[in-house]
Each structure stands twice: as C-alpha cells, then as structure tokens.
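This report concerns only the one structure given below.
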Amino acid sequence: MVAVGRGLVARPSCLLLDEPSLGLAPLVIRQIFRTLVELRARLGLSIVLVEQDAEAALRIADRGYVMQRARIVLSGTGAELRADPLTREIYFGSVKA
C-alpha cells in the first residue's frame, strides 16, 4: 500500500504494478485488489498490472493478455480470459468452466 501511495503522489494517469501480491497474506492481497478497483473508478486511473495470480488479476481486469515466451498468445476481457479453456488449463489447472 505504501508503494502504491508513493506512486500516486505524482498524480499519474497510468500506474504500473509488478506483482503487488507477492509474498503477502491473502487478506492483504484482497485489500490491495479492492483498492486498485477503487482507485481506477475514483481517479479514472489506468492500471497496468503484471501478476502471477491470474485469477485475482483477471477478476478485476478490463483487458488481459497472456504471454508465453515473450509473446502474447491470448487477449480479451478479464471475463473472457477467465472462461477461456486454454487460460484455465495454464493458470487454474483445469478446463472446467
């Protein structure tokens, strides 16, 4: 939260976050993602989020991109990617919808 706050001091139009959930407790992770949603809505802030927790990231994403070996292999809305069988297999371990 402190890092996000420091980034907001400059009043950016876009915020780039790399793995904001890394090493944090689940309760803190949920709070960070709720805060990101709130910041986007309240400030009209664009957020570029690089995150290994694909489920959490896609749940809040307007758009998502799946990269493999430095190439974009899938793109779509967060909901589309969460429902995509390939995304589910790669990131969630199943192809069930």
Side-chain angles (χ1 to χ4, degrees):
M1 290 300 217
V2 173
V4 171
R6 288 178 60 197
L8 292 173
V9 168
R11 299 183 192 272
S13 59
C14 183
L15 191 63
L16 173 61
L17 298 172
D18 184 17
E19 299 286 348
S21 71
L22 187 65
L24 300 177
L27 182 65
V28 177
I29 293 169
R30 284 191 296 274
Q31 181 60 46
I32 286 176
F33 279 88
R34 279 193 299 265
T35 300
L36 294 177
V37 169
E38 183 180 323
L39 287 171
R40 180 180 63 192
R42 193 166 27 138
L43 303 177
L45 188 63
S46 294
I47 299 173
V48 177
L49 179 63
V50 178
E51 179 60 62
Q52 287 293 321
D53 185 347
E55 178 71 25
L58 292 175
R59 223 179 290 121
I60 67 167
D62 291 325
R63 299 259 338 138
Y65 301 89
V66 176
M67 295 184 72
Q68 189 175 49
R69 297 178 216 211
R71 293 202 164 148
I72 295 173
V73 294
L74 291 170
S75 66
T77 67
E80 289 169 345
L81 289 174
R82 285 178 67 217
D84 184 276
L86 182 57
T87 304
R88 296 194 63 75
E89 183 177 335
I90 292 169
Y91 289 103
F92 311 137
S94 74
V95 292
K96 297 176 186 172

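Note that the numbering runs from 1 along the sequence shown for the chain. For the numbers below, each heavy atom of this structure counts, side chains included, while hydrogens, waters and symmetry mates do not.
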Step by step, would you call E55 with R59 a salt bridge (Lys or Arg N to Asp or Glu O under 4.0 Å)?
CA-CA 6 Å; E55 178 71 25; R59 223 179 290 121; 3.8 Å; yes
Without swapping roles, check the side chain of [X] against the backbone of [Y] for a donor-acceptor pair under 3.5 Å.
X: E80; Y: T77; value: yes
X: E19; Y: Q52; value: yes
X: R63; Y: S75; value: no

Atom [atom1] in [X], atom [atom2] in [Y]: separation rounded to 0.5 Å?
X: D53; Y: F33; atom1: CG; atom2: CZ; answer: 6.0 Å
X: I60; Y: L49; atom1: CD1; atom2: CG; answer: 5.5 Å
X: L45; Y: L36; atom1: CG; atom2: CG; answer: 9.0 Å
X: E51; Y: L58; atom1: CD; atom2: CG; answer: 10.0 Å
X: L39; Y: I47; atom1: CG; atom2: CD1; answer: 6.0 Å
X: L24; Y: I29; atom1: CG; atom2: CD1; answer: 5.5 Å

Co-membership, hydrophobic cluster, residues [X] and [Y], 4.5 Å side-chain:
X: V37; Y: V4; answer: yes
X: L16; Y: L8; answer: no
X: L81; Y: Y65; answer: no

For V48 and C14, which heavy atoms make the closest approach, and how far apart are they?
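Residues V48 and C14, closest heavy atoms: CG2-SG, 3.8 Å.
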At their closest point, which heavy atom of R88 faces which heavy atom of A83, and how far apart are they?
CD-O, 4.0 Å
Close side-chain approach of R40 and D62, heavy atoms under 4.5 Å:
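SC-SC contact between R40 and D62 confirmed.
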In the structure I gave you, are the side-chain heavy atoms of E38 and T35 within less than 4.5 Å of one another anywhere?
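With C-beta onward as the side chain, the pair stays apart.
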